[in-house]
Amino acid sequence: MASWGEASESRLIGKRVTRLSGKDKVTGKAKYTFDINEPGMLYGRILRSETPHATVMGIDLSEAEALPGVKAVIPLIEVGNKLRYQGQEIAAVAAETDDIAKDAIRLIYVDLEELPHVVTEADAMAADAPQIREDWAGNQSEPNIREDGDINAGFAEAAVDVEATYHTPVQTHVCLETHGHVAKWEDDQNLTVWASTQGVFGVRNDFAQHFELPANQVRVITEHMGGGFGSKFGPGTEGRTAVELARITGKAVKLMLTRKAEHLVAGNRPSMTQSVRAGATRDGRLIAYDMKGYGTGGISSGAGFTGPYVYHVPNSRAERVNVAVNAGNQRAMRAPGHPQGAFAMDSLMDELAEKLGMNPLEFRRINDPNEVRQAQYTLGAQEIGWHRRNSVPGSGTGVEKRGIGLGSGQWGGGGGRGTEARVTINADGTVEAVTGTQDIGTGVRTVIAMIVAEEFGLETTDVRVKVGDSQPGLPSGGSGGSQTTPSVAPVIKTAAAAAKQKLFERIAPLLEAPVGDLRVGTGTIYVVSDRTKTITWKQAAGQLGMESISEGGTWEEDLRQNGAAGTQFAEVEIDTQTGAIRVVKIVAVQDCGLAINRLTTESQINGGVIMGLGQALLEERFMDPVTGRMLNANLEDYKVPGTFEIPEIKSIVFDTHRKVTGVGEPPCIPTPGAIANAVYNAIGVRIRSLPITPDKILDALAEKA
Amino acid sequence: MPDKEKKQGTNISRRNFLKGVGTGTVAATVAPSVLIGSEKAADAQAGDAVANATIQLNINGKSYQIEVEARTTLLTVLRDGIDTSGSNIDLTGAKLICDRGECGGCTVMVDGKSVYACMMLAIDAQGKQITTVEGLADGDDLHPVQEAFVQHDALMCGFCTPGFIVSSAALLNENSKPTVEEIKVGLSGNTCRCGTYPFIFDAVKTASRKS
Ligand code: FES
Ligand code: FES
């Protein structure tokens with residue numbers, strides 16, 4: 001059975017290793033799609049609708065075409081078709097400079113017949129709302145209903161119950177490198193595209209299908225990419241447009257979304273509004289849960305969220321619908337559906353605990369069936385100093401009041417089949433590892449190098465890792481669902497083991513020992529029964545003469561595990577005069593399985609917590625009901641966390657076993673619930689709608705007074 | 001009209017392309033595909049009234065001659081500019097992220113002070129010493145800030161990193177021993193979406209001990 005061995009035997013696995021791409025990234029040498037400068041390259045731009053709902057009556061491209069420096073202008077919608085959200089594509093240009101492309105966009109005239117729009121969930125669900133999705137009566141999908149047990153019996157058994165409505169708004173991904181591509185036709189039949197993507201092979205296959213090319217004649221390259229968070233799987237209209245512009249001009253074309261378009265069309269986390277009633281028995285057992293909720297994913301569906309979440313409820317009913325509005329489509333965003341659901345559930349848990357007169361931590365201990373989290377509760381409570389919380393919420397004195405709260409989360413991250421890889425040992429002792437995955441910032445290159453180096457007794461810097469290129473034809477899945485490391489690591493591990501075995505077979509005669517007696521040391525290979533027999537790695541590889549060893553690997557179930565539990569504790573301080581909220585500290589206890597690289601794992605936990613903090617306190621897409629436009633489609637008014645918002649973060653890599661689990665998503669899940677509960681503990685009034693902003697705090701305090 | 005079939009190597013029609021971009025199914029006429037021919041462009045060129053200027057910039061200790069428009073930003077020159085000798089300047093470390101002085105992704109040093117290159121016109125950078133992230137290391141020897149960022153893993157996707165590196169170096173130029181609060185203030189003009197801040201603070205601390 002394949003295994004990662006014991007921690008005590010590991011020289012690299014599980015240690016803190018600085019990332020291989022670090023030097024390129026700190027010197028500006030790392031080339032992102034946005035940085036590709038091909039000779040004679042043109043710049044593409046897209047004209048987008050400012051109108052949220054309209055029929056296109058005509059498009060006049062002639063003035064744009066006539067502008068010097070413009071090389072191509074193409075329509076992206078047919079006359080007679082409908083535009084259904086602000087930002088939808090109308091036409092595209094390619095020009096010699098980006099400024100000329102910008103000018104050309106302004107010279108395109110579009111004749112629109114405006115249609116009535118709705119951009120908020122409430123407006124869309126109103127009785128007299130215009131129908132904006134023909135297939136959804138009242139702009140709502142069929143409800144998705146899940147039932148378990150018997151809620152009536154459950155509520156009959158309950159000693160206390162709580163009824164509340166929780167809301168989270170639409171959030172956008174805000175990838176700092178916007179979605180974009182550089183497309184270049186090598187000839188009629190061969191296409192190269194640099195893509196800022198989380199899925200090199202998915203994008204390759206999309207282009208191959210769309211442009212009717214054999215897949216192996218499309219090369220997609222993603223050496224580095226500037227953030228995706230779930231929004232960068234397909235090429236999108238912008239990708240296909242870049243390729244089309246390159247095709248008709250015969251030149252390389254770079255087309256990156258503007259910051260505004262990134263907010264409007266490149267995906268978002270759907271909103272959630274849920275009305276829930278839940279009951280518990282006197283001894284603190286959660287017994288009944290009845291929830292009805294909705295969310296919007298824009299004009300598309302996909303606005304799901306979890307609930308009930310994490311805690312065991314024997315009797316539950318949950319009903320969710322999608323609401324259509326005239327806004328850009330949702331896309332998966334870091335742990336889709338979970339942070340919203342977790343915020344509501346953890347708020348609800350605290351509300352129930354209070355009704356029971358029970359410590360919220362105790363209430364969770366009774367109702368959380370997950371053993372890992374049970375252990376995490378103990379550790380996290382110690383780290384934050386849970387005993388310091390206000391036993392009576394809001395009872396602190398003074399203007400600035402502090403509070404402590406907690407939240408929980410659960411994720412899969414077990415990886416899957418579908419990755420091919422090759423590990424090669426060359427006669428000069430150099431080592432290469434190649435696979436078609438991509439490094440979206442989590443540091444998979446370094447993880448691959450660590451695994452190979454551990455297997456061969458080398459240093460990570462001795463391993464040349466090649467990822468982010470479809471060219472060698474070694475596919476791997478998209479980086480989503482926290483699946484990259486658990487999908488890739490087992491294949492790399494078995495490929496390296498197979499290559500090592502081949503090398504051992506070659507040198508066993510030389511060392512006059514059976515193959516099974518050979519071991520790697522540090523830069524050496526030796527005979528375990530006679531340690532005087534040893535040669536260096538280089539000498540061993542030298543035996544290959546003109547050949548090299550190159551082996552593939554297989555995905556072994558035993559090397560990875562599904563299921564990542566997490567819990568977080570937050571301490572906040574609230575200025576009761578201004579409503580300002582400062583997160584003082586967050587303790588994140590995150591199950592990671594075997595964290596191959598502890599350093600980059602900690603980075604990911606920090607990152608998840610900070611994104612969760614943004615959701616809790618800052619982020620919200622504002623739509624203007626009158627014009628139907630997004631009011632904060634920039635980085636000034638759409639707030640993401642900056643240096644001032646960053647609390648002390650204690651990221652605890654809670655490794656419970658020696659199997660790999662992905663951890664890109666789960667650390668963002670418990671944060672909003674933990675912060676919301678800490679706010680309540682500080683001021684004794686509950687904010688049930690994210691983001692928790694100073695105005696909401698002041699309103700709540702005024703109402704309480 | 002130039003031959004629009006010229007680049008039809010893949011046999012995909014305009015109609016099919018449009019279908020694929022997901023614009024719905026209502027049948028309608030399509031505006032014609034347009035490939036701008038050289039004659040048409042040349043005609044229009046005659047009426048071109050945009051005034052260009054050739055300026056000289058000193059970037060990372062090297063002098064460049066570049067033709068710019070009045071509106072050309074320093075960032076555009078660094079990333080997309082072509083020297084009058086015909087070579088790309090290609091200093092793509094500084095990034096355009098927000099395009100309005102909000103994120104710090106484009107930060108460079110101008111006479112030792114950090115500046116948003118997206119907010120500075122190229123013509124205003126004449127006669128000044130411009131240092132980009134590419135100019136901080138001394139050959140293979142990284143700047144202490146760069147070294148500390150790698151050591152502390154103060155980067156994930158790395159897209160914001162060049163901006164943070166330059167801002168941190170500029171901060172240490174002014175305050176060689178900043179507290180965490182001073183680091184937060186000094187880097188408040190930079191944004192990281194991956195959430196690398198805690199390790200950035202650690203890295204700047206470490207660098208401050210070395211410098
Ligand atoms: S791109 Fe210059 S500050 Fe954001
Ligand atoms: S490292 Fe990705 S945005 Fe900062």
Side-chain angles (χ1 to χ4, degrees), chain A residues 18-19 22-23 25-28 30 32 35 37 59 61 65-68 70-82 89 174 176-177 188-189 210-213 224-227 237 240 244 247-248 250 259 440-441 599-600 603 606-607 610-611 634-636 640 642-644 646 649, chain B residues 7 9-12 17-18 20-24 26 28-31 33-36 40-41 44-45 48 69 71 88 90 92-93 95 97-100 102-103 105 132-134 137 142 146 149-151 153 155-162 165 184 187-188 191 193-199:
Chain A
T18 57
R19 64 181 79 208
K23 193 170 174 188
K25 286 180 176 176
V26 298
T27 53
Y32 297 76
D35 301 330
N37 274 335
I59 305 176
L61 306 175
E65 290 161 11
L67 187 71
V70 172
K71 296 297 174 189
V73 186
I74 59 171
L76 295 176
I77 186 167
E78 297 182 28
V79 169
N81 280 2
K82 277 184 190 165
E89 301 81 4
V174 191
L176 291 199
E177 180 183 33
D188 277 4
Q189 290 291 323
H210 192 78
F211 290 92
E212 296 167 10
L213 294 168
H224 298 286
M225 65 88 83
T237 301
R240 294 172 183 172
E244 178 68 356
R247 191 174 69 88
I248 52 181
R259 178 53 50 196
I440 66 167
L599 180 62
T600 51
S603 279
N606 287 343
I610 291 168
M611 197 173 266
N634 55 54
L635 281 186
E636 198 172 346
V640 298
T643 58
F644 291 131
I646 305 307
I649 300 174
Chain B
K7 289 282 172 190
T10 69
N11 296 323
I12 180 167
F17 174 72
L18 267 176
V21 298
T23 51
V26 181
T29 55
V30 185
S33 119
V34 183
L35 174 64
I36 306 302
K40 194 169 180 185
Q45 197 87 49
D48 182 12
E69 291 178 41
R71 63 175 167 177
N88 285 335
D90 206 32
T92 56
K95 310 289 188 242
I97 293 174
C98 71
D99 203 6
R100 60 192 287 167
E102 268 300 317
C103 74
T132 70
V133 70
E134 291 93 343
L142 296 182
Q146 291 172 315
F149 266 59
V150 176
Q151 182 197 332
D153 203 42
L155 48 98
M156 280 189 258
C157 81
F159 204 70
C160 68
T161 309
I165 294 276
K184 287 186 178 181
L187 301 182
S188 60
T191 300
R193 185 52 156 167
C194 295
T196 56
Y197 299 105
F199 286 171

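Within every chain, numbering begins at 1; the chains are lettered A, B, ... in the order of the sequence lines, protein sequences first and strands thereafter.
Proximity of a side-chain donor or acceptor of A/Arg240 to a complementary backbone N or O of A/Phe211 within less than 3.5 Å is not detected. Of the possible donor and acceptor atoms, none in the side chain of A/Lys71 sits under 3.5 Å from a partner among the backbone N and O of A/Ile248. At least one donor-acceptor pair under 3.5 Å links the side chain of A/Arg19 to the backbone N or O of B/Leu155.
Only the side chain of B/Leu142 comes within contact range of chain A, judged by heavy atoms closer than 4.5 Å. Residue A/Ile440 touches chain B through its backbone alone, counting heavy-atom pairs closer than 4.5 Å. For B/Asp90, the parts lying under 4.5 angstrom from a heavy atom of chain A are both the backbone and the side chain. If you measure heavy-atom distances from B/Ile165 to chain A, the contacts under 4.5 Å come from the side chain alone.
Most heavy-atom pairs under 4.5 Å with chain A, from the set B/Cys194, B/Gly93, B/Pro162: that is B/Cys194. For the set A/Val640, A/Ile646, A/Asn634, A/Thr18, the count of heavy-atom pairs under 4.5 angstrom toward chain B peaks at A/Ile646.
A salt bridge does not link B/Arg100 with B/Glu102: none of the charged nitrogens is closer than 4.0 Å to a carboxylate oxygen.
Rounding to the nearest 0.5 angstrom, the gap separating the OG1 atom in A/Thr237 from the CG atom in A/Leu76 is 7.5 Å.
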